[in-house]
Amino acid sequence: MGSFSIIKKVSQAINHILILVVVCLLFFSVFMILDEIEYAIREAFYTAQVSVTDIASVVESQQEDPEPRYTQKEILPDDTIHLVEESYEDDKKYVYDVNGKLLWEGEYRYYEDDSKFPYEYLHFNVMSTLGEGDSYKWSSQTRSMKIVESEFYNTYDVYISWDDNVVEVWRFHPYFGYFTGYGEGRKRIGYLGASGFVESKSEIESFGELIRGFYSSLKYYYSGTNKVYEIDFKCRTVEVMHDFEEDIIYAELDPARYNRVESIEEIKKSKIRYRPYFIVQTEDGSMHIKMLYDQAKINFELPSKGESSSFSMCAIKDKIFFKEHMRLKMELESPSYQENKKFYRYDNKIVLYKLKANGNLEKFNEYSWSEERSYGLGRETDSFCREYLSALSPVIYPIISYQFRDEKPIHSYHCFHIYTIVELAKSTSAEKILLNIIVSLLLVILVVWHSMARRLSWSGTLFWVVIVGLFTLPGFTAYLMVNNRPVIKCSSCGKKRHLLKPECIRCGAKLPRPEGKLTDLILA
Amino acid sequence: MKFLALFLNEIKESVFVVLILWIALIPLGWLILQENYYYFEGTQWGTSDMMDEASIDISSDSLFEDTGMLLLFISVSLGVSFAIQHFCIPSYRKVWGFIIHRSVTKKTIIFMKLISAAFLLFLSIGGVWGTLFIIGSNPARYLMPPNLLIFIHGLFLISVGYVAYLCVGLSGISNAKWYETRSVWLLVGLLLIIIFSMRMTLMWGILFLIFFIFVLACELISVFCSRDF
């Protein structure tokens, strides 16, 4: 009986926490709606205030300073940089050199074949997560269920076929980390694991957790935590391509587009012959490239990388190019007629390197340019909601925001649920923390006062004090939802008491019973 | 015996729903299998002599692709409809007094309802799911069988319907006002369905599911037994 009572209390507490989570989400929704309304009102108010003279000055200013034209910075295989502008107004394309001299001009429609275009530029593979120092382990992606995307359990079947005849099928088991091979009529032919091909299940050695898998037209590349395997299904061989002491934080097979059927024609037309390679970055920041055709391996270090840099790479017949794009953002003073906007200047710089066989990066070209952009004021600026309404948000949110203050890509979180909680906490976190704490303390006092007459136990009251102390208004709302019981005046002590216990919580007096009637005996 | 009689009575009352689901879902599932058959159409097992000229292709497609959301939707709808039948309609018709004042305890009644709901949920959709899985495993028709984990995943989605049943049940028998915890239980159910729809491993999903079913069932039993009808 005692243990059942404990289970009942624990399950009740968990249910109360579930209610609290729901209230937190409701608070988030209300906060966002109010913020949106406030932003809309402010925008409408500002628009109404702009006078005719202001509009005239805006027009005049725009005439003086036209919008900078957007140009793409492209690189030819002979290391030359071109500035390419695509104008959608007159369906024309313009090519300039770095000094602004027009090299080519012609009609161009993005949806039409551009065979008339005289240049073919290098296609760089952007290394999106490179250098961020975060592992992209996401709790083993292949083991994850993906219900939202309405896909079932993520399994891989490797079909080896010839003229509509399937010779072999190799099925990957994400939980166990190996492939099982099936021959004609689903007859099991063996297993492929880290130790290679084996016929018996007892001999199999797992590849370990699959972080990312890539497949070229010939082979499968299995990137684990700190090893990369090259699996050849036709020959039934497994080779360890890389074996590192540090964890792998980035791995990519390039050019990945060779795998797409629709790009075969595009590849055939191309004059540039790309060399496929496999690139890996480990936790210590070092890069490791393996060229897949000639098996050459190059290890190198990236040039010192600022926060605003991004890297991309491409390998052709005799060269390996690295492109570093640096971008520095600087806030400018807003003109008087556009105070509802923020103006920024971006100082951009592209630095081109060639990777030598000994791992040295040789800088051979660079190009710099600046551009100005303006953005509407963010909702976070001078917003009443952000400044004052956020004081009602949970006190715990600024702590979470502080813990996760660095912007991290979504895949660096081990669990999607943690990412959701962090984003929720960041978006409604209090701006004025002192006010937030004061509000929280006031609500705690209110809870103590309110629960004096309604409490069932001191442990229950303590539980709610902690919850309200940490979760401020959402905590207090959840408390009221669960505990707002009606109270009566005790006939013995005259103070307020609730009706859930037969004894008064203050004086212990029993609830008054109605006076007996003559018919009670018969009805009983 | 009394428990069994009550249990059979619940089954009898819901057997119509089960039959309708079987009649509707088996052809629907068959259509989905037919639709996903195209990938393997015309492909047959060959011999290993052609290995040198063979090409490799990787597929993560499944025979039961795109059925996850449908299964989740049907199981949640069924869980909600069972909860309405078990808890909301007696409250609306004010027949709890009649149901409770039999020669059985409140605990027997609530346990019977919980067990019969689970049984009906798995008999209706679980049965259909199992049948379709057996059809999909036919080696004469399909090159490779679906993975067994897909079947377990399907059962997991069916169990999410039971979470919906418990949450709607809690809302149905709650004495609280709509702005207190009554409507919150519906939101809790919605939240849990969203949580279970997010990306997580199957093992963690099953553990979470068992945990929340246990917690919600404890609360439902506790509320039902302590409430005056």
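Every chain is numbered from 1, with letters handed out A, B, ... down the list of sequences. On a predicted model such as this, the values are computed, not experimentally measured, just so you know.
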Quiz item: chain A contacts: which residues in residues 161-169 of chain B have a non-hydrogen atom closer than 4.5 Å to it?
Solution: none
Exercise. Hey, could you give me the SG/NZ distance between B:C218 and A:K9, rounded to the nearest 0.5 Å?
Key: 14.5 Å
Quiz item: Heavy-atom distance under 4.5 Å to chain B: side chain of A:L26, backbone, both or neither?
Solution: side chain
Practice problem: Can you measure from CZ (B:F212) to CD1 (A:I14) and round to the nearest 0.5 angstrom? | Solution: 8.0 Å
Quiz item: Do you know the tightest heavy-atom contact between B:L191 and A:V21?
Solution: CD2-CG1, 3.4 Å
Quiz item: Can you name the ring pair (Phe, Tyr, Trp, His ring centres under 6.0 Å) partners of A:W464, sequence neighbours left out?
Solution: A:H16, A:Y479
Self-check item: Residue from A:V23, A:L20, A:I19 passing side chain to side chain contact (heavy atoms under 4.5 Å, CB included) with B:V184
Solution: A:I19
Quiz prompt | Distance (rounded to the nearest 0.5 Å) between A:L18 CG and B:L216 CG | solution = 6.5 Å
Quiz item: How close do B:V215 and A:S11 get, heavy atom to heavy atom, and via which atoms?
Solution: CG1-O, 3.6 Å
Quiz item: Using non-hydrogen atoms only, which part of B:L190 is less than 4.5 Å away from chain A: side chain, backbone, both, or neither?
Solution: neither
Practice problem: Name the region of A:L480, side chain, backbone, both or neither, that has any atom closer than 4.5 Å to a heavy atom of chain B. | Solution: neither
Exercise. Could you have a look at A:V22, A:L25, A:I189, A:N15 and say which one has the most heavy-atom pairs with chain B under 4.5 angstrom?
Key: A:N15
